[in-house]
Amino acid sequence: MDVRESFTTIKKQINAAAEASSRNPERVNVVAVTKYVSVKRTKEALDAGLTHFGESRDEGLLEKVEALGTTPSWHFIGTLQSRKVKEVLPFVDYIHSLDRRSLAKEIQKRADREINCFVQVNVSGEDSKHGLSLDQTIPFIESLKEFSSIKVIGLMTMAPHTDDRNEIRSVFKQLRELGESIQNLSLSHAPCNELSMGMSNDYEIAVEEGATYVRIGSSLVGNEK
């Protein structure tokens with residue numbers, strides 16, 4: 001797989017999806033999910049012009065940061081255990097999986113700067129997925145006001161694994177509408193103007209529904225594990 005060619009193809013598809021929904025394609029950031037590829041392949045992605053990289057395990061993050069440095073923006077996109085916060089926090093620019101108060105307390109305890117966080121929402125309600133319910137999200141975000149090092153820049157969700165595009169679209173639409181409701185609250189600690197949604201199999205639908213960060217792994221960098 002040639003990462004540069006894949007990135008070019010994906011950007012064209014994102015541009016088309018954004019234009020189809022009257023959005024500015026420049027608002028869409030591609031996060032290369034590198035958890036299943038080597039440092040070498042991740043370096044290829046960096047050389048191809050990608051600037052955002054996502055890891056879901058602390059070991060993978062630290063290995064790639066050691067090799068590639070902090071020039072790219074590092075995103076922690078998996079479930080983050082509270083005991084791992086102190087290890088990953090110095091290196092990440094974004095956390096996509098804030099979904100409980102104990103994690104917020106640990107981030108506040110360990111942070112030496114403001115941390116950009118996405119609150120994870122389980123829109124589909126599947127037992128296999130982490131995250132808050134739609135009803136829990138706004139009270140949780142309001143409660144984060146006391147944590148000065150946490151900035152809720154947006155919401156994150158994962159669509160169900162299904163071929164039903166309408167079902168996928170509904171999940172993304174609900175997240176967008178929830179984000180708009182939070183924006184209307186004008187919370188200083190939670191501008192919530194970003195949406196992290198869409199992966200290799202559904203990122204075009206996500207872009208049409210307002211995604212500003214899409215997390216793409218296999219169709220961009222492949223899978224070496």
Query raised in the report: Atom CG in Asp93, atom OG1 in Thr70: separation rounded to 0.5 Å?
Result: 8.0 Å

Query raised in the report: Are Val121 and Leu187 co-members of a hydrophobic cluster defined by side-chain heavy atoms under 4.5 Å apart?
Result: yes

Requested in this report: List the steps, then state whether side chain to side chain contact (heavy atoms under 4.5 Å, CB included) holds for Gln108 with Glu146.
Outcome: CA-CA 10 Å; Gln108 177 68 28; Glu146 67 183 90; over 6 Å; no

Query raised in the report: Between Ser170 and Gln174, is a side chain to side chain contact (heavy atoms under 4.5 Å, CB included) present by the stated rule, with each step listed?
Result: CA-CA 6 Å; Ser170 174; Gln174 289 179 74; 3.2 Å; yes

Query raised in the report: More than 12 foreign heavy atoms under 6.0 Å from CZ of Phe140: is that the case here?
Result: yes

Report task. Please lay out, stage by stage, how Glu59 and Lys35 fare under the test salt bridge (Lys or Arg N to Asp or Glu O under 4.0 Å). Result -> CA-CA 10 Å; Glu59 298 92 342; Lys35 62 180 180 178; over 6 Å; no

**Report entry** Nearest non-hydrogen partners of Val31 and Gly54, listed with the distance
**Finding:** CG1-N, 3.5 Å

Query raised in the report: Can you tell if the side chain of Ser82 reaches within under 4.5 Å of the side chain of Lys105, non-hydrogen atoms only?
Result: no

Query raised in the report: Quick one: does Arg4's side chain have a donor or acceptor within less than 3.5 Å of a partner on Asp47's backbone?
Result: yes

Report task. Check whether any side-chain heavy atom of Leu50 lies under 4.5 Å from a side-chain heavy atom of Pro72, and answer yes or no. Result -> no

Query raised in the report: Tell me, do Val85 and Leu103 make a side-chain contact under 4.5 Å, heavy atoms counted?
Result: yes

Requested in this report: Kindly state each residue pair satisfying salt bridge (Lys or Arg N to Asp or Glu O under 4.0 Å) with at least one member in residues 62-76, sequence neighbours excluded.
Outcome: Glu55-Lys64

Query - Heavy-atom pair of closest approach, residues Ser97 and Leu80 - result: OG-N, 3.9 Å

Query - Exam field: side chain Asn122 to backbone Lys129, donor-acceptor pair closer than 3.5 Å - result: yes

Report task. Give a yes or no on whether Asn24 atom CG has more than 12 heavy-atom contacts from other residues, nucleotides or ligands under 6.0 Å away. Result -> yes

Query raised in the report: So do the side chains of Tyr36 and Ser218 get within less than 4.5 Å of each other, counting heavy atoms only?
Result: no

Report task. With rounding to the nearest 0.5 Å, note down the distance linking CZ in Arg101 to CG in Leu144. Result -> 7.5 Å

Report task. Would you tell me whether Ser102 and Glu106 have side-chain atoms, one donor and one acceptor, within less than 3.5 Å of each other? Result -> no

Report summary line: Between His52 and Tyr213 the two heavy atoms that sit nearest each other are CE1-CE2, 4.1 Å

Query raised in the report: Do the side chains of Ile141 and Leu155 get nearer than 4.5 Å, heavy atoms only?
Result: yes

Query raised in the report: Should the ring pair His96 and His75 be called parallel, tilted or perpendicular, given that the plane angle runs from 0 to 90° and is split at 30 and 60?
Result: tilted

Query raised in the report: Is Val171 reachable from Val119 through a run of I, L, V, M, F, W or Y residues, each pair having side-chain heavy atoms under 4.5 Å apart?
Result: yes

Query raised in the report: With sequence neighbours left out, which residue pairs that include part of residues 161-209 fulfil the ring pair (Phe, Tyr, Trp, His ring centres under 6.0 Å) condition?
Result: none

Query - Val92 side chain near Val65 side chain, heavy-atom distance below 4.5 Å - result: no

**Report entry** Interatomic distance, Lys151 atom NZ to Glu114 atom CD [nearest 0.5 angstrom]
**Finding:** 5.0 Å

**Report entry** Gap between atom OG of Ser38 and atom CD of Glu44 - 0.5 Å precision
**Finding:** 7.0 Å

**Report entry** Least distance between heavy atoms, Ala211 atom then Val28 atom
**Finding:** O-CG2, 3.6 Å

Query raised in the report: Lys84 versus Arg57: any side-chain heavy-atom pair under 4.5 Å?
Result: no

Query raised in the report: Do Leu61 and Val37 share a hydrophobic cluster, counting only Ile, Leu, Val, Met, Phe, Trp and Tyr and linking them when any side-chain heavy atoms are less than 4.5 Å apart?
Result: yes

Query raised in the report: Is there a side-chain contact between Phe53 and Leu68 (heavy atoms, below 4.5 Å)?
Result: no

Report task. Quickly, which of Arg169, Arg23, Lys173 forms a salt bridge (Lys or Arg N to Asp or Glu O under 4.0 Å) with Glu209? Name it, please. Result -> Arg169

Report task. State plainly whether one hydrophobic cluster holds both Val123 and Ile205, where clusters connect Ile, Leu, Val, Met, Phe, Trp and Tyr through side-chain heavy atoms under 4.5 angstrom apart. Result -> yes

Query raised in the report: When rounded to the nearest 0.5 angstrom, what distance separates CZ in Phe147 from CD1 in Ile107?
Result: 9.5 Å

Report summary line: In this structure, CD1 of Ile95 is separated from OG of Ser196 (nearest 0.5 Å) by 12.5 Å

Report summary line: On a heavy-atom basis, the closest approach of Cys192 and Ile182 is CB-CG2, 3.6 Å

Requested in this report: Please step through side chain to side chain contact (heavy atoms under 4.5 Å, CB included) for the pair Lys86 and Lys109, ending with a clear verdict.
Outcome: CA-CA 9 Å; Lys86 64 180 179 181; Lys109 177 181 175 181; over 6 Å; no

Query raised in the report: When clusters are formed by joining ILVMFWY residues with side-chain heavy atoms under 4.5 Å apart, either directly or through shared neighbours, do Leu195 and Met199 land in the same one?
Result: no

Requested in this report: Could you tell me whether a side-chain N or O of Asn29 sits under 3.5 Å from a main-chain N or O of Thr212, the two making a donor and an acceptor?
Outcome: yes

Report summary line: In terms of heavy-atom contacts, Ser133 and Gln136 come closest through N-OE1, 2.9 Å

Requested in this report: Let me see the working for Ile168 and Thr162 under side chain to side chain contact (heavy atoms under 4.5 Å, CB included), right down to the final yes or no.
Outcome: CA-CA 8 Å; Ile168 294 170; Thr162 176; 3.8 Å; yes

